[in-house]
Amino acid sequence: MVEYSIGGLRDMFLGNVRRLKEILKYAKISSDVAEIDASNLVHKEVNDLMRYCALQGVRRIVLKGVRGQRYIGTRLYFPDPRPKLEIEIHGFPGNDLGAFLDGHRIVVYGNAQDGVGNTMDSGEIVIYGQAGDVVAMSMRGGRIFIRDDVGYRTAIHMKEYRDKVPVLVVGGTAQDFFGEYMAGGRVVLLGLNLDDKPHRARYIDTGMHGGIMYIRGRVEPWQLGKEVGIVDMEAEDWKFIEKHVGDFCEIFGIKEDEVLGGSFLKLKPVTKRPYGKVYAY
Amino acid sequence: MFSHLLPEFIVERRDDRCIRCRACERQCSFEVHRYDEELDRMFSDEKRCVGCQRCAVLCPTGALIVRPHPGEYRRNANWTGERIQDLKKQAETGGVVLTGSGNDKPYRIYWDHIVLNASQVTNPSIDPLREPMELRTFLGRKPDVLELRFNGGDYEDVEIATELHPNVMIETPIVFSAMSYGALSYQAFKALAMAASEYGTLFNTGEGGLPRELRKYGKNAIVQCASGRFGVDPEYLNCAAVIEIKIGQGAKPGIGGHLPGEKVTLPISVTRMIPEGTDALSPAPQHDIYSIEDLSMLIYALKEATNYEKPVSVKIAAVHNVAAIASGMVRAGADIIAIDGLRGGTGAAPKIIRDNVGIPIELALAAVDRRLREEGIRNKCSILVAGGFRCSADVVKAIALGADAVYIGTPALVAMGCTLCQKCYTGKCNWGICTQDPYLSRRLNPEIGAKRLVNLLRAWSLEIKEMLGGMGINAIESLRGNRDHLRGVGLEDWELEVLGIKGAGE
């Protein structure tokens with residue numbers, strides 16, 4: 001075992017990491033399903049085992065006893081084309097769940113922490129619970145469904161390109177700076193747990209210059225950044241909402257009619273160039 | 001165009017030489033030159049001239065002279081012409097004055113106050129033309145202890161028993177600075193990639209992504225993950241040699257970047273993965289990094305995303321507490337720390353920021369190297385420095401002050417044609433370097449550009465070998481942090497102390 005220490009401090013990621021052969025006992029592989037007991041594993045060990053399982057041809061990984069381990073699903077990029085994995089997490093994954101995710105599907109039975117889907121490329125993350133701050137930051141593709149609330153700075157600088165349009169659906173409400181700097185993608189905030197109370201996030205979509213946000217429930221104009229405007233819902237928007245919110249309701253067992261019956265607000269940037277006029281050329 | 005401004009340049013056309021070929025008119029994207037058919041005469045609108053000298057050097061008869069305009073305001077040490085003109089621009093637009101390239105103000109350039117040593121009598125100098133001279137450099141974290149295993153008793157069969165961290169080998173301690181495709185034309189960007197690959201060093205993609213067809217140059221690429229996260233996909237990260245988290249830039253510490261929508265053409269939008277015509281906004285902070293702990297989180301996220309196979313660099317601008325920040329970065333897990341000084345270049349930055357924020361790289365480097373050595377963690381990272389390196393002597397001095405390698409941006413652009421007119425932000429670069437206009441960018445041939453860049457690297461490397469040989473050193477490794485080979489001239493005590501060098505004669 002290599003002991004990593006920096007200037008007397010233990011490296012919180014690499015310290016006490018055991019070699020793969022020492023932790024193989026925590027993974028049980030039967031045909032194409034692997035079950036990993038994560039309760040005694042540190043961050044890197046969980047991902048070491050997951051990568052090992054993926055290389056063994058496993059298609060589905062069930063993680064039990066997850067207690068705050070970070071980057072789950074991040075180290076599953078392989079240059080050669082391989083089938084994508086189905087990852088089931090029981091417990092509480094740590095920060096940066098599914099960061100840079102490459103097409104896999106992650107389902108969390110519990111709450112997630114900060115940085116869910118950070119710079120995620122493709123795939124799907126479903127969370128049966130709530131998530132922390134900076135969810136879907138710079139997300140580039142795929143879908144994230146969060147049943148309950150999200151924290152501050154959600155969907156910052158989300159992007160899109162041609163047919164690669166990321167989608168985030170949040171069942172509860174969000175905190176300040178929701179959708180700040182958004183450059184693309186679709187964000188839906190449903191406010192299902194608000195009981196008709198207004199959303200409380202401020203600075204929504206400040207600096208937004210691309211993408212679309214849909215908010216169900218009450219939001220006052222002062223809560224919005226000055227770079228966005230409220231526009232009318234069109235047929236295409238309803239089609240989008242029906243598809244993705246429909247999927248959301250189906251996954252979480254929520255009555256779709258009640259959700260779609262609410263009032264939706266569509267927010268769009270007023271310009272693709274919010275700061276074009278601040279310079280003297 | 002602004003009204004009531006004095007022209008900055010005067011265009012003198014020697015009529016006896018002018019053959020009305022109109023080459024100047026075709027070459028100038030700023031539309032200075034104009035031909036009047038009726039009068040059979042060339043006219044010039046000097047107000048538009050930026051002094052890039054493209055017309056002067058391409059005029060087949062040498063009929064053009066472009067030089068600073070002799071017209072000036074009343075001389076005033078406080079209210080220089082530049083200050084007056086900037087005020088007028090602001091009064092007219094209400095906007096922030098933009099500029100390009102590095103800080104041009106007369107801050108002390110410490111390189112010019114540091115001299116190198118050479119061997120005389122007591123220690124022989126080495127002739128690099130006939131004796132081996134090692135410039136090869138490894139970037140990345142080094143182990144605390146190196147354990148060797150000798151197989152058999154003859155000391156021939158040796159292997160390293162210590163588990164090593166990923167390191168990247170470069171043939172010369174010179175690396176091309178971060179300049180994105182978007183700021184640079186495709187041709188200029190490709191020339192840097194080709195040259196790095198040919199010479200065995202690295203180029204840096206900046207934060208504009210790496211076009212797919214150029215990913216074959218990934219082995220020589222430092223790919224950036226910056227606040228805008230443009231073009232960052234798993235393949236982009238995994239094809240690279242080094243991944244760099246960009247926190248700041250010497251020309252504009254603390255602020256983000258705006259690539260204006262008109263520069264986001266189709267190919268740029270493909271590479272950055274944003275819709276065409278949208279402003280590419282890089283926020284000032286990385287919104288997932290508000291502390292050293294957060295930085296650590298992103299460093300390890302990137303290591304996870306690349307299976308711990310690549311060194312991760314963190315680039316910051318040189319600012320007041322740079323040494324403490326650097327220490328935190330190393331503790332956060334950075335394998336390379338890149339520091340960009342006060343004179344670092346840019347494609348576009350507010351002039352007020354470029355000219356006033358940050359500290360000189362010489363002082364920052366010396367402070368960081370000393371701090372990391374005092375804390376016993378200098379081996380945990382490589383130090384890459386950037387910001388105003390003009391020649392090979394600056395590189396040698398930086399290495400003696402503790403750098404592992406040096407980033408060069410402006411010298412590379414000059415090698416490709418740049419004349420430092422500082423108009424990069426207009427997107428009208430007549431040299432085809434800093435533009436997305438196909439008519440202009442075609443002027444730069446990537447093969448020729450790459451050749452010139454390789455020549456530059458070769459010339460500097462030869463000069464470095466000469467200087468090393470003169471000092472009696474045959475490997476760049478022996479010069480690293482070797483301040484005994486430096487002496488200060490015309491520096492004050494506090495400056496010598498920060499630099500950690502003696503005054504000349506001592």
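Lettering of chains follows the sequences in order, A, B, ..., and the numbering in each one begins at 1.
More than 12 heavy atoms of other residues, nucleotides or ligands lie within 6.0 Å of NZ in K164(A), so this atom counts as buried by the packing criterion. In this structure, K88(B) places its NZ atom where only 12 or fewer heavy-atom neighbours from other residues, nucleotides or ligands lie under 6.0 Å away. No more than 12 heavy atoms of other residues, nucleotides or ligands shown are found within 6.0 angstrom of CD on E236(A). More than 12 heavy atoms of other residues, nucleotides or ligands shown are found within 6.0 angstrom of OH on Y308(B). Within 6.0 Å of atom CG in D163(A), 12 or fewer heavy atoms from other residues, nucleotides or ligands are found, so the atom counts as exposed in its surroundings. Environment of CG in L20(A): crowded, with over 12 heavy atoms of neighbouring residues, nucleotides or ligands closer than 6.0 Å. When the shell of 6.0 Å around CZ of R373(B) is examined, it contains more than 12 heavy atoms from other residues, nucleotides or ligands.
Using a 4.5 Å cut-off on side-chain heavy atoms (C-beta onward), M273(B) and R162(A) make no contact. In this structure, the side chains of P275(B) and Y161(A) stay at 4.5 Å or more apart for every pair of heavy atoms.
Atom CG of D279(B) is separated from atom OG1 of T271(A) by 7.0 Å, given to the nearest 0.5 angstrom. One finds the OG1 atom of T119(A) at 7.5 Å from the CG atom of L298(B) (value rounded to the nearest 0.5 Å). The NZ atom of K303(B) sits 6.5 Å away from the CG atom of L14(A) when rounded to the nearest 0.5 Å. Taken to the nearest 0.5 Å, the CZ atom of R229(B) stands 14.0 Å off from the CE atom of M139(A).
Ranked by heavy-atom pairs shorter than 4.5 Å toward chain B, the options V134(A), I156(A), D48(A) are led by I156(A). When each of L281(B), T306(B), D233(B) is checked for heavy-atom pairs under 4.5 Å with chain A, L281(B) comes out on top. Highest contact tally toward chain A, considering only G94(B), S296(B), P350(B), is held by S296(B) [criterion: heavy-atom pairs under 4.5 Å]. For chain A, the option among P283(B), C225(B), A305(B) with the highest count of heavy-atom pairs below 4.5 Å is P283(B). The greatest number of non-hydrogen atom pairs below 4.5 Å with chain B, out of D114(A), D133(A), N118(A), is found for N118(A). Counting heavy-atom pairs closer than 4.5 Å to chain A, the top-ranked of the candidates N307(B), D288(B), I274(B), V97(B) is N307(B).
Using a 4.5 Å cut-off between heavy atoms, V264(B) does not touch chain A at all. Using a 4.5 Å cut-off between heavy atoms, F100(A) touches chain B through backbone and side chain atoms alike. Of the atoms belonging to S327(B), not a single heavy atom falls under 4.5 Å from chain A. Neither the backbone nor the side chain of Q90(B) comes within less than 4.5 Å of any heavy atom of chain A. With a 4.5 angstrom heavy-atom cutoff, E276(B) touches chain A only via backbone atoms. For chain B, the nearby parts of H209(A) are the backbone and the side chain; heavy atoms of each come within less than 4.5 Å.
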Would you sort out whether F230(B) and H157(A) count as a side-chain contact (heavy atoms from CB on, under 4.5 Å), showing the intermediate values?
-> CA-CA 10 Å; F230(B) 294 113; H157(A) 223 308; 3.8 Å; yes

Going through the distances and angles, do Y181(A) and H287(B) end up as a side-chain contact (heavy atoms from CB on, under 4.5 Å)?
-> CA-CA 10 Å; Y181(A) 266 123; H287(B) 277 289; 4.2 Å; yes

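Cation-pi geometry between K44(A) and Y300(B) is not met at under 6.0 angstrom from the ring centre and within 45 degrees of the axis. Both the sub-6.0 Å distance and the 45° axial angle are satisfied by R153(A) relative to the ring of Y290(B).
A salt bridge links R19(A) to E163(B): at least one charged side-chain nitrogen sits closer than 4.0 Å to a carboxylate oxygen.
Between M297(B) and Y71(A) the shortest heavy-atom distance is O-OH, 2.6 Å. In terms of heavy atoms, A301(B) sits closest to T74(A) at O-CG2, 3.6 Å.
The closest donor-acceptor contact from the side chain of K159(A) to the backbone of G228(B) lies under 3.5 Å.
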